[in-house]
Amino acid sequence: MIILASDHGGYELKEKIKNYLAKNYDVVDVGAFVYDDKDDYPKYAKLAMQRMIESKNARAIVLCGSGVGMSIICNRYKGIYATIGVSEEQVRLARQHNNINVLNLGGRNTSFAKAKKLIEVFLNTDFEGGRHTKRLNAIDK
Ligand code: RB5
């Protein structure tokens with residue numbers, strides 16, 4: 001399952017990502033469902049993270065204008081490892097070493113073409129485990 005969420009800053013890109021992923025994945029969109037420039041990103045981050053915690057082995061793609069506000073909130077939930085996607089190499093390492101389960105994207109700084117590349121890496125790269133597991137356990141403690 002892939003959970004999607006955005007505020008207005010990420011809304012347009014989220015909608016494109018939803019249509020793209022829905023062809024091959026079970027996608028759950030927790031909002032926003034309309035563009036409203038008065039909505040606030042904490043509401044949608046919370047909805048997405050609640051859904052993540054209920055769902056085993058889910059991944060989430062959570063967007064705002066910059067990706068920053070959403071990543072701050074997602075990382076406050078235990079068991080969530082979130083980062084803003086910057087490059088394919090950075091997202092690859094974030095999966096292999098940090099086991100990220102949430103990819104944050106900035107709707108105002110990420111083209112759809114780039115988002116698709118980052119998402120492919122996010123969804124198709126495995127965590128390496130080993131020495132990295134010990135480090136993640138240290139974070140959780
Ligand atoms: C909304 O204007 C904007 O602040 C929000 O989408 C996000 O970028 C916050 O980090």
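First listed ligand is number 1; within each ligand, the first listed atom is number 1. All of these numbers come straight from a predicted model, not from anything done at the bench.
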Which atoms of ligand 1 are found less than 4.0 Å from any heavy atom of Asp7?
1 (C), 5 (C), 6 (O)

Mind checking whether Met70 has a heavy atom under 4.0 Å from ligand 1?
no

Before signing off on this row, confirm whether Gly69 and ligand 1 have an N or O atom pair separated by under 3.5 Å.
yes

Check ion pair Lys117-Glu120 (N to O, under 4.0 angstrom):
no

Return the closest protein heavy atom for atom 1 (C) of ligand 1 as residue, atom name and distance.
His8 NE2, 3.5 Å

Protein heavy atoms near atom 8 (O) of ligand 1, is at least one of them under 4.0 angstrom away?
yes

Just jot down the ligand 1 atoms closer than 4.0 angstrom to any heavy atom of Gly65, in number order.
5 (C), 6 (O), 7 (C), 8 (O)

Look at the aromatic rings of His132 and His97 and report parallel, tilted or perpendicular, splitting at 30° and 60°.
parallel

Salt bridge or not between Lys78 and Asp140? Use side-chain N to carboxylate O under 4.0 Å.
no

Non-hydrogen side-chain atoms of Ile119 and Leu21 separated by less than 4.5 Å:
yes

How far is atom 3 (C) of ligand 1 from the closest protein heavy atom, and which atom is that?
Arg108 NH1, 3.8 Å

More than 12 heavy atoms of other groups within 6.0 Å of Arg76 CZ:
no

Which value, rounded to the nearest 0.5 Å, describes the distance between Phe122 atom CZ and Ile2 atom CD1?
8.0 Å

